[in-house]
Amino acid sequence: MLELRENVITVDEYLKLRDRVGWKKLSREQAQRALDNSLITIGAYLAYQPIGMGRIVGDGAVVCYVQDLIIPPQAQHFGVGSMILDRLEQFVEQIRLPDTEMMFDLMCAKGREEFYIQHGFLARPTETLGPGMIKYLNTEK
């Protein structure tokens with residue numbers, strides 16, 4: 001039976017899931033700090049083994065970002081990503097201050113836009129919103 005668990009993903013599970021989808025390598029210290037500084041992590045477990053995860057980062061008042069929604073290929077198309085994303089959105093709704101609007105954002109991998117559109121996200125750019133942007137900071141200049 002699939003089980004969603006809050007705030008229990010270990011650094012080893014996180015690194016293994018990232019590796020299974022071919023994402024950039026992180027140091028253990030980076031990975032641990034990322035998990036520690038998340039507002040929430042949601043892990044999906046099947047037979048006590050992690051088959052997916054997602055987390056929220058942000059200030060918890062104005063903006064929250066979906067970060068690291070990871071579902072390895074063999075676990076995709078079974079609704080696991082949708083379940084995790086729904087739980088993350090529920091968390092953000094719970095912490096949203098009364099009578100305020102929270103920005104619930106993400107940057108998705110190329111080709112994954114339709115999944116997020118189906119969950120109510122707007123693809124950017126639009127007429128009023130510019131494209132998302134990124135800048136990598138590293139020691140290689």
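Hydrogens, waters and symmetry mates play no part in the numbers below; they use all other heavy atoms, side chains included.
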Sidechain-backbone polar pair: Asn7 side chain, Thr41 backbone, donor-acceptor under 3.5 Å: yes
Within 6.0 Å of CZ in Arg112, more than 12 heavy atoms from elsewhere: no
More than 12 heavy atoms of other groups within 6.0 Å of Phe121 CZ: yes
Partner set under side chain to side chain contact (heavy atoms under 4.5 Å, CB included) for Gln118, not counting sequence neighbours: Glu114
For Glu29, side chain to side chain contact (heavy atoms under 4.5 Å, CB included) partners two or more places apart: Ser27, Arg33
Glu93/Arg96 salt bridge by N-O under 4.0 Å criterion: yes
Are [Y] and [X] linked, directly or through intermediate hydrophobic residues, by side-chain heavy-atom contacts shorter than 4.5 Å (ILVMFWY only)?
| X | Y | answer |
| --- | --- | --- |
| Tyr65 | Val92 | no |
| Ile117 | Ile84 | no |
| Val57 | Ile70 | no |

Trace of the side-chain contact (heavy atoms from CB on, under 4.5 Å) decision for Phe104 with His119: CA-CA 12 Å; Phe104 188 45; His119 287 275; over 6 Å; no
Non-hydrogen side-chain atoms of Ile51 and Val80 separated by less than 4.5 Å: yes
Euclidean distance, Leu15 CG relative to Gln30 CD, rounded to 0.5 Å: 9.5 Å
Results of side-chain hydrogen bond (donor to acceptor under 3.5 Å, both in side chains) for Lys25 - residues two or more places apart only: Asp19
